[in-house]
K.L.:
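One structure follows; several queries about it will come next.
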Amino acid sequence: METINQYQADIKNGKLVNEKGSFFRAAPFEVRSEEAVYTIEYIKDHEKEVVYSVKEDGQRIGEYEHPFFVPNEGPEKVIAQFSKSSSLFHAFVVLNITKHKDYRRYFESNSDGLKYTITQKKFL
Amino acid sequence: MLRFYEIADTIDQEVNQFEEDIKDFVAGTINPIKFKAIRVAHGVYEQRQEHTYMIRIRCAAGGITPDQLRKCSELGEQYGSGEVHFTTRREVQLHNVLIQDIATVIRELLTVDLSTRGGGGNTIRNILTSPNSGVDKEDIFDVDPYAIELTSRMVKEPDSWNLPRKFKIAFSNNSKDTAYTQATCLGFVATKKDGQNGFEVYCAGGMGAKPMVGHLLMDFVPAEKAYQVTKALKVMFDKHGNRRSKFSNRLKFLWKKLQREEFVSLFLEEYNKISSDKSLDLKIVDLDNTPKIDASVKVETPKDDKFDIWKDRYCLAQKQDGLYCIKIPLQLGDLVTNDGLSLTKLVELFGENTIRCDRAQNIRLRNIPEAYLGNIYNCVSSFERSLVEHASFIGNMINCTGAQTCKLGICLPRGLSVAIRDKLVSSNLDLDRLADFRLNMSGCPNTCGLHHIADLGFFGKVARKEGQMYPAYYVLAGARVAAGETKYAEKLNEIASHHIPNFVHDFLQAYLINADEYENYQEYLEDEGKDVIKSLCEKYSNVPLFRDDESFYIDFGATRKLSLDEMGAAECSAGMFDMIDVDRKVIRRALKEIDAGAETAEESLYSIAFSSTRMLLVTRGLDVKRDEQAFQSFDKHFVETDLISKEFRSVVQLGELVAKGDLDKSVLIGKKSEIIGLSSAVNELYTSMDDSLRFKKEAVVPEAKKTDANLIEKDFRGVACPMNFVKTKLVLEMIESGQNLQILLDDGEPIENVPNSIKLEGHKILEQTKKPDGHWQVLIQKK
């Protein structure tokens with residue numbers, strides 16, 4: 001059976017070049033680049049707080065909390081550590097999930113060459 | 001089976017519709033403003049964290065049965081934050097619910113006859129009573145059954161769901177007024193006249209940022225007429241309330257506008273129509289406050305020697321011989337799952353009428369035989385989280401949730417409450433001497449923490465030092481509560497959040513040292529207490545610089561510096577005007593972009609044209625799903641009717657072609673002045689609209705439509721509330737007085753809502769017939 005997407009977007013060279021549908025921030029979505037596939041869910045953690053839970057290629061790599069939904073460390077450090085995650089956090093900025101100024105500023109000058117797709121399946 | 005209200009028959013349909021609305025919202029076909037207006041009336045509020053919800057559950061008279069509370073605990077564990085939160089409005093809430101779980105939670109609650117309907121929005125809210133009504137030795141009579149019966153009627157009346165603003169009702173069991181009737185829209189205080197039970201009636205009170213004390217409306221009304229009083233005031237509010245401004249639309253503002261004579265006259269006009277109709281009298285079923293314990297339940301010995309002090313602090317003999325009511329002090333109003341499950345397992349052995357929520361966010365048990373107090377003690381003293389080991393002063397402290405979850409919150413009173421508690425319990429103050437002291441705090445000027453009726457109160461504000469924001473509170477003191485004598489606390493000074501624990505300690509210490517010299521706290525306050533407060537505020541006025549002590553700029557319980565970044569608009573007053581505001585903001589922003597020489601002027605011009613045409617469609621009962629429909633509908637309902645000059649028709653038609661993709665947006669560049677002129681004309685029309693959505697300028701109805709046919713027919717099946725009402729109203733505006741209009745409506749909410757609303761407009765419902773396929777045919781005669 002064909003799966004219906006609620007939202008799909010292509011990012012090329014750090015720019016949104018193709019967007020279709022309506023993105024809903026509290027529904028699961030996927031960020032797929034050549035380096036990695038991230039699946040992101042808006043779920044409750046073990047303390048019953050609502051977080052963005054991220055899996056990279058099926059392995060949980062982080063849970064990001066309100067209000068910024070990004071790691072506490074700055075983007076330089078995070079992305080230096082996990083270079084593949086550029087697409088993930090860039091997507092968080094593009095999708096307005098994080099409003100963290102440092103991350104927004106970082107990607108203003110560090111998004112050249114970023115290429116990935118965002119896909120969100122129909123949720124409810 | 002005991003239930004504290006009946007649920008309207010239409011609830012299943014309403015929940016089904018709500019579930020569809022949730023799906024549409026997730027799919028992006030309902031905008032957030034419209035969705036807000038829908039969900040708040042279902043008691044669903046978005047927390048400060050986007051897409052994370054609080055669900056508020058109605059508990060009339062603060063009553064909830066053990067099986068209902070158990071269900072709430074289970075749902076809180078499965079879908080919420082692992083807690084049931086008790087509120088200052090004597091109801092319960094579940095927090096941290098995700099959007100995909102909302103409908104499930106609401107349906108699960110219905111299985112135990114609990115409803116979230118009217119938990120928010122412009123509706124009849126939870127009806128309150130005195131917490132010990134029915135068991136209080138000072139009862140004039142038990143008012144709980146009145147709140148219960150009134151709730152059951154109000155939730156079934158469609159006009160309860162679309163009032164100009166929220167409508168709060170309270171019943172007090174005596175003149176001590178522990179339900180705070182003068183701080184609410186409509187209040188009933190039990191009294192007797194010639195042996196007959198009745199009420200003193202107060203109205204148009206309210207707290208919030210502009211507090212007003214309620215006024216005496218009737219000095220005596222027979223108790224069974226409480227329904228007619230409520231109905232009349234509700235109808236009057238519906239007719240005359242201000243729907244336009246969400247900042248001045250509570251009933252208290254209507255009183256202020258009309259003044260006593262006109263307000264009372266309009267009320268009596270409605271009341272006199274129905275007061276003598278005995279069929280409307282409340283049919284009261286007394287609640288059973290007798291022991292229900294099964295004799296086989298074993299009496300337990302208290303597990304430790306602190307039982308006696310607990311009994312002194314928290315147990316009160318009822319007017320029923322041998323029975324006790326017991327206060328269970330909760331930490332910050334939260335009952336964690338395991339505590340909820342163990343409590344309900346025990347309490348159900350004592351019957352169904354055993355639990356009340358109270359306004360200090362605690363639980364009150366009732367109808368517990370004295371012999372079993374040990375059983376209760378053993379249970380509550382084993383709670384994972386409670387304040388049972390402390391003096392009752394600690395559990396009586398009230399705080400709202402503040403910025404932790406509330407979108408309006410500035411400060412974090414939950415964190416402050418913990419800091420004050422830690423300070424006081426580690427001090428030598430004899431807090432047992434302050435058992436009735438009200439220390440209330442709110443995180444913002446809204447009064448969810450009841451600071452206006454505090455002995456000592458605080459409400460949150462932002463303060464600044466060298467441009468850096470730090471959390472602070474205004475200090476209030478001296479409220480008095482009694483029927484006819486209520487006075488709100490006076491704002492005296494302000495103080496930084498981090499100084500408050502020491503401030504409270506010092507003030508209470510000063511009071512306790514001198515309390516014996518005074519008749520009561522009020523007297524102390526007037527004589528020296530206010531000066532003590534002022535001098536302590538002075539003592540604690542020092543605020544360190546940010547660079548010297550960053551922690552001072554981080555609120556209690558916060559992890560980062562005070563920020564208002566996530567503050568949002570009030571959740572509960574969402575409605576039509578919020579939807580209009582969305583377009584007004586878009587227009588303003590786009591105009592600024594053009595002024596600033598935006599590179600993409602065509603995008604800005606399109607935004608102006610589209611939002612200008614969509615902005616007022618909602619006032620005509622129109623909801624569009626595609627851009628081109630906005631232009632088409634605007635042309636039909638505003639240009640064709642001359643509400644907007646026909647000189648703008650060409651630009652509206654151009655917009656429609658762009659919306660369809662037939663023309664490129666760049667064509668709009670050459671139409672800049674016309675598009676800006678259109679937005680000005682729409683804004684001018686909006687400004688001329690009155691509180692009931694009427695424009696000063698009359699719409700010119702095309703002659704062809706001003707038919708003189710005896711009967712006009714319209715099919716509004718498939719049209720949701722309130723659009724079906726708005727559409728009906730618009731047709732009625734087009735026909736002559738005395739002409740008949742026949743409409744078709746769906747079953748459920750539409751048939752429940754529309755005819756009543758039409759009647760309120762003064763038209764006659766001549767006939768209302770259910771058709772074999774389930775829809776309704778309604779015949780209306782224009783007034």
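Lettering follows sequence order; numbering is per chain, from 1.
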K.L.:
Just wondering, more than 12 heavy atoms not from Lys561(B) lying within 6.0 Å of its NZ?
P.N.:
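Yes, because the 6.0 Å sphere around NZ of Lys561(B) holds more than 12 heavy atoms from other groups.
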
K.L.:
Report the C-alpha distance between Val26(B) and Gln6(A) in whole Å, list the side-chain angles of each, state the deciding distance to 0.1 Å, and finish with yes or no for side chain to side chain contact (heavy atoms under 4.5 Å, CB included).
P.N.:
CA-CA 9 Å; Val26(B) 168; Gln6(A) 167 154 327; 4.1 Å; yes

K.L.:
Name the region of Gln120(A), side chain, backbone, both or neither, that has any atom closer than 4.5 Å to a heavy atom of chain B.
P.N.:
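Looking at Gln120(A), nothing touches chain B.
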
K.L.:
Please determine whether side chain to side chain contact (heavy atoms under 4.5 Å, CB included) holds for the pair Tyr42(A) and Ile99(B), giving the CA-CA distance in whole Å, both sets of side-chain angles, and the decisive distance to 0.1 Å.
P.N.:
CA-CA 10 Å; Tyr42(A) 197 59; Ile99(B) 196 158; over 6 Å; no

K.L.:
Rounded to the nearest 0.5 Å, what's the gap from CD on Gln49(B) to CZ on Phe69(A)? Could you check?
P.N.:
4.5 Å

K.L.:
Looking at Asn72(A), I want to see if its CG is surrounded by more than 12 non-hydrogen atoms of other residues, nucleotides or ligands under 6.0 Å.
P.N.:
no

K.L.:
Considering non-hydrogen atoms only, spot the tightest contact between His66(A) and Arg48(B) and give its length.
P.N.:
CE1-O, 3.7 Å

K.L.:
Looking only at heavy atoms, what is the nearest atom pair of Lys44(A) and Asn96(B), with distance?
P.N.:
NZ-O, 2.9 Å

K.L.:
How close do Gln100(B) and Leu124(A) get, heavy atom to heavy atom, and via which atoms?
P.N.:
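It is CB-CD2, 3.7 Å.
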
K.L.:
Which heavy-atom pair separates Ser22(A) from Gly28(B) by the least distance, and what is that distance?
P.N.:
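So the two residues come closest at OG-CA, 3.5 Å.
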
K.L.:
Using non-hydrogen atoms only, which part of Glu19(B) is less than 4.5 Å away from chain A: side chain, backbone, both, or neither?
P.N.:
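Contact with chain A: none, neither part.
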
K.L.:
Looking only at heavy atoms, what is the nearest atom pair of Ala26(A) and His51(B), with distance?
P.N.:
CB-CB, 3.5 Å

K.L.:
A side-chain contact here means heavy atoms from C-beta on lying under 4.5 Å apart; do Pro67(A) and Arg560(B) qualify?
P.N.:
yes

K.L.:
Between Lys48(A) and Glu77(B), does any side-chain N to carboxylate O distance fall below 4.0 Å?
P.N.:
yes

K.L.:
Return yes when atom CZ of Arg25(A) has more than 12 non-hydrogen atoms of other residues, nucleotides or ligands closer than 6.0 Å, and no otherwise.
P.N.:
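Atom CZ in Arg25(A) is packed in, count exceeds 12.
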
K.L.:
If you define the side chain from C-beta out and look only at heavy atoms, does anything of Phe123(A) sit under 4.5 Å from Lys23(B)?
P.N.:
no

